[in-house]
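Right, one structure below, let's go through it.
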Amino acid sequence: MEQVRVRFAPSPTGPLHIGGVRTALYNYLFAKKNGGTFILRIEDTDQTRFVEGAEEYIMESLKWCGIVVDEGIREGGNYGPYRQSDKKTIYRQYADILIDKGDAYYAFDTPEKLESLRSESEKAGKTFIYNAEAREKLINSVSLKEVEWREKLDKGEPFVIRFKMPHNEDIHFDDIIRGHIVVNTGTLDDKVLFKSDGMPTYHLAHLVDDHLMEISHVIRGEEWLPSLPLHIMLYRSFGWNPPLFAHLPLLLKPDGKGKLSKRDGDKMGFPVFPLFWPYGETAKGYREDGYYPEPFINMLALLGWNPGTEQEIFSMDELINTFSIDRVGKSGSRFDPEKAKWFNHQYLQKRTNTQLAIEFREFLRAHGYHFDIIRLETLIGLVKERVSFVKDIWEQTDFFFKAPEIYDQEVVKKRWKEDSAGLLLELKSILENTVDFSAAATELVIKAWIEKNGYNTGAIMNALRLLIVGTLRGPHMFDIISWIGKDETLKRIDKGVTLLSK
RNA sequence: GGUCCAUUCGUCUAGUGGCUAGGACGUCAGGUUUUCAUCCUGGUAACAGGGGUUCGAUUCCCCUAUGGACUACCA
């Protein structure tokens, strides 16, 4: 089998959508699975849509995801340049080849003229299409005499180069995911290959580049499927062997219909981009929302592909080993933010307490608390399994760092009885005399005291929790008082008894 | 409108010419827990509709419906 070479070829028009990330991921997995090369090519032939910073953003995003580029602008390679605008002069030569062969022609109609033809047709209930029929009536090197169009060229009139789509011919082609497809050229139009601004369109540029870069498989979004017949025709005109094609299904919005957009994320509170986008209209990213790259990738990989087993958790290496294009689904996948959270939970559980302590310490610093790793490790051990993100740890542990300001009135009503103050003060004196304040030791002492006096365990412990935490939540009571320590425990009991006895 | 693509639990999906149509997320119920959460166990829930082909179709074919993409001198 020939060398596998695949590319991810985004345009630098803004932040990278997760649909794009998934396309990059599948290209990457396919390349690595087959010992091939993953290429990053920047398609910036539309000068009007260029956005500052987008190119860097794309590279940083892939890096964060753990998708390693083999050939590209930063990495170099023998098939450069990897940015289309850096080699714009070559595309005209290829357009000329087609003109010489009679498969393309110069067209001089202005965009305004074509636009008015389009709207006229629409009014008449018809669709204007620049095809074999129309081109005879328009101004181009097919309808004009040679001296006429040559003169226009010499005068420097603006022109585009269009592909001369045959009349009525069935084009047969195959897609790895969708199988055999037949399209009649009669429904296709004479697509612009080369624009009047001197740049090629996507159709010409990507095809020339794919050929020159010896791309073996084109794996791209489904939105390109309708133009595949044109691309097949172009390969035929050039006399080149086309690569194999795989068109990926779309990522759809969580509710309703249509493809996933930034709007959906904003509306429902989840990111649609891997990283924070700092330019113009900002957009939040998975990284800043506290997701780890591994679960993000894991989740994305399974959206449209599955290995046919019941395994859900995959490392990048496992994905590479298991990936296969024939197991990519045909239909669009609705994105589920809940499942993304679940994946992050799974990966967070696998982190060590030390790793999490280091990450959480950063978070605490921002809140003005400074603790050493050892102490935080213990704390994290108590709450780890109940959190999905590092930022969740704070919500689970805020009362470790500060005494409650208010007491949950519902709980007070239910758990703070006439005799509670007396019992808690009695409990306080027991604790005062306890030297070993480990959870195990205090548990032993308190339970013995409860049993000896025939007290109700639930009543005591819930009242204690109310004073220490402020409400009924959190890990085991004895773990909490052990961590905050004897002094703080006694202080909180005092404070609570005083406030609630008023 | 035209062209093309798609359709299995709410969601992601597995699957086969004959199965109790499987798993995961969510949800619901029980259990564990002095609280909350986690966790464990269990339940709920799907082959879009209609025609064929066939002894038999979720599976193969056709039609319809629905959804989607494309229909630019954007990619």
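Basis for what follows: all heavy atoms, side chains included, without hydrogens, waters or symmetry-related copies. Residue numbers start from 1 in every chain, and the chains themselves are labelled A, B, ... in the order their sequence lines are given, proteins ahead of strands. Bear in mind the structure is a predicted one, so any value in this text is a computation, not a measurement.
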Touch class at under 4.0 angstrom, heavy-atom based, for A/Thr110 against every strand present: base
Sticking with atom C1', work out how far B/C60 lies from B/G23, rounded to a whole angstrom. 27 Å
Should the pair A/Glu43-A/Arg83 be classified as a salt bridge under the 4.0 Å nitrogen-to-oxygen rule? no
Watson-Crick/G-U partner (both atom distances under 3.5 Å) of B/U58: none
When the C1' atoms of B/U7 and B/A48 are considered, how many whole Å apart are they? 7 Å
Taking the same atom, P, in B/G56 and in B/A72, what whole-Å distance lies between them? 49 Å
Taking the six-membered ring for Trp, are A/Tyr26 and A/Trp305 ring centroids under 6.0 Å apart? no
Over how many whole Å does the gap from A/Phe194 atom CZ to B/A72 atom C1' extend? 17 Å
Atom CD1 of A/Ile393 and atom P of B/C36: how far apart are they, to the nearest Å? 22 Å
Describe the nucleic acid contact of A/Asn131 in one word from base, sugar-phosphate, nothing, applying a heavy-atom distance below 4.0 Å. nothing
Side chain of A/Leu225 only, please: which of B/U11, B/C70, B/C4 is the nearest? B/C4
Check every strand shown and say whether A/Val160 touches a base, only sugar-phosphate, or nothing at a heavy-atom separation below 4.0 Å. base
Using Watson-Crick or G-U wobble geometry with both distances below 3.5 Å, tell me the partner of B/A29, or none. B/U41
Within the structure shown, what part of the strands sits under 4.0 Å from A/Phe128 by heavy-atom distance: base, sugar-phosphate, or nothing? nothing
Look at all strands and tell whether A/Arg162 reaches a base, only sugar-phosphate, or nothing, counting heavy atoms closer than 4.0 Å. sugar-phosphate
Before giving the answer on ring-ring contact (aromatic ring centres under 6.0 Å, His included), spell out for A/Phe478 and A/Trp483 the whole-Å C-alpha distance, their side-chain angles and the decisive distance to 0.1 Å. CA-CA 9 Å; A/Phe478 303 104; A/Trp483 197 88; over 10 Å; no
Should B/C47 form a Watson-Crick or G-U wobble pair with both distances under 3.5 Å, which nucleotide is its partner? none
A/Leu250, nearest nucleotide to its side chain (from B/U7, B/A75, B/A69): B/A69
Would you classify A/Met299 as touching base, sugar-phosphate or nothing, given that sugar-phosphate means primed atoms plus P, OP1 and OP2, and contacts are heavy atoms under 4.0 Å? nothing
A/Arg49 side chain N/O closer than 4.0 Å to the phosphate oxygens (OP1, OP2) of B/C74? no
Using purine N1 to pyrimidine N3 plus N6-O4 or O6-N4 for Watson-Crick, or N1-O2 and O6-N3 for G-U wobble, each under 3.5 Å, what pairs with B/G17? none
Centroid separation under 6.0 Å, is that true for the rings of A/Phe270 and A/Phe335? yes
When we call it a touch if two heavy atoms are under 4.0 Å apart, what does A/Gly304 touch: a base, just sugar-phosphate, or nothing? sugar-phosphate
With a 4.0 Å cutoff (strictly under), does any side-chain N or O of A/Asn306 reach OP1 or OP2 of B/A14? yes
Candidates B/U71, B/G26, B/A69 - which lies nearest the side chain of A/Glu338: B/G26
5'-most contact on RNA chain B: A/Lys195 or A/Pro226, nearest heavy atom basis? A/Pro226
When both distances are under 3.5 Å in a Watson-Crick or G-U wobble arrangement, the nucleotide paired with B/C70 is B/G2
Take atom P in B/G22 and the same atom in B/A46, then report the distance between them in whole Å. 11 Å
Among B/U35, B/G26, B/A75, find the nucleotide with the atom closest to the side chain of A/His476. B/U35
On the nucleotide B/C36, are OP1 or OP2 found under 4.0 Å from the side-chain N or O atoms that A/Thr471 carries? no
Does a salt bridge link A/Asp209 with A/Arg7, judged by any charged N lying under 4.0 Å from a carboxylate O? no
For the pair made of CD in A/Gln346 and P in B/C39, what is the distance, rounded to whole Å? 8 Å
How long is the line joining CD of A/Glu312 and P of B/C25, in whole Å? 7 Å
At less than 4.0 Å, is any side-chain N or O atom of A/Arg465 found next to OP1 or OP2 of B/C36? Yes or no. no
What is the separation between atom NE2 on A/His203 and atom C1' on B/U71, rounded to the nearest whole Å? 11 Å
When we call it a touch if two heavy atoms are under 4.0 Å apart, what does A/Ser196 touch: a base, just sugar-phosphate, or nothing? base
Can you tell which of B/A24, B/C5, B/C73 lies closest to the side chain of A/Lys339? B/A24
Please work out which of the three classes, parallel, tilted or perpendicular, describes the rings of A/Tyr291 and A/Phe389, given edges at 30° and 60°. perpendicular
Looking across every strand, which nucleic acid part, if any, lies under 4.0 Å from A/Pro200 by heavy atom: base, sugar-phosphate, or nothing? sugar-phosphate
The side chain of A/Glu385 lies closest to which of these nucleotides: B/U3, B/U38, B/A72? B/U38
Both A/Ser333 and A/Thr48 contact RNA chain B. Taking the nearest nucleotide for each, which residue is further toward the 5' end? A/Ser333
Pairwise P distance for B/G42 and B/U35, with rounding to whole Å: 24 Å
Could you give me the CA-CA distance, side-chain angles and deciding distance for A/Phe159 and A/Trp149, then say whether ring-ring contact (aromatic ring centres under 6.0 Å, His included) is met? CA-CA 10 Å; A/Phe159 66 90; A/Trp149 60 260; 10.0 Å; no
Does B/A65 pair with anything, Watson-Crick or G-U wobble, both distances under 3.5 Å, and if so, with which nucleotide? B/U7
At under 4.0 Å between heavy atoms, what does A/Leu228 touch on the DNA or RNA strands: base, sugar-phosphate, or nothing? nothing
A/Phe343 CZ to B/C25 P, in whole Å, measures 9 Å
More than 12 heavy atoms of other groups within 6.0 Å of A/Lys88 NZ: no
Side-chain N or O of A/Arg178 less than 4.0 angstrom from OP1 or OP2 on B/C4? no
Give the nucleotide from the list B/U7, B/G26, B/C36 with an atom nearest to the side chain of A/Lys330. B/U7
Just N and O in the side chain of A/Ser331: are any of them under 4.0 Å from OP1 or OP2 of B/C5? no
Using a 4.0 Å heavy-atom cut-off, does A/Pro475 contact any base of the nucleic acid, only the sugar-phosphate backbone, or nothing at all? base
Looking at B/A72, B/G15, B/C74, which one has an atom nearest to any side-chain atom of A/Arg327? B/G15
Mind listing the closest non-hydrogen atom pair of A/Gly72 and A/Tyr82 along with its distance? O-CD1, 3.5 Å
Spacing of the C1' atoms in B/C74 and B/C70 (rounded, Å): 13 Å
Length of the line joining A/Ile313:CD1 and B/C12:P, which is rounded to integer Å: 18 Å
Protein-nucleotide distance (A/Glu222, atom CD; B/G68, atom C1'), rounded to Å: 7 Å
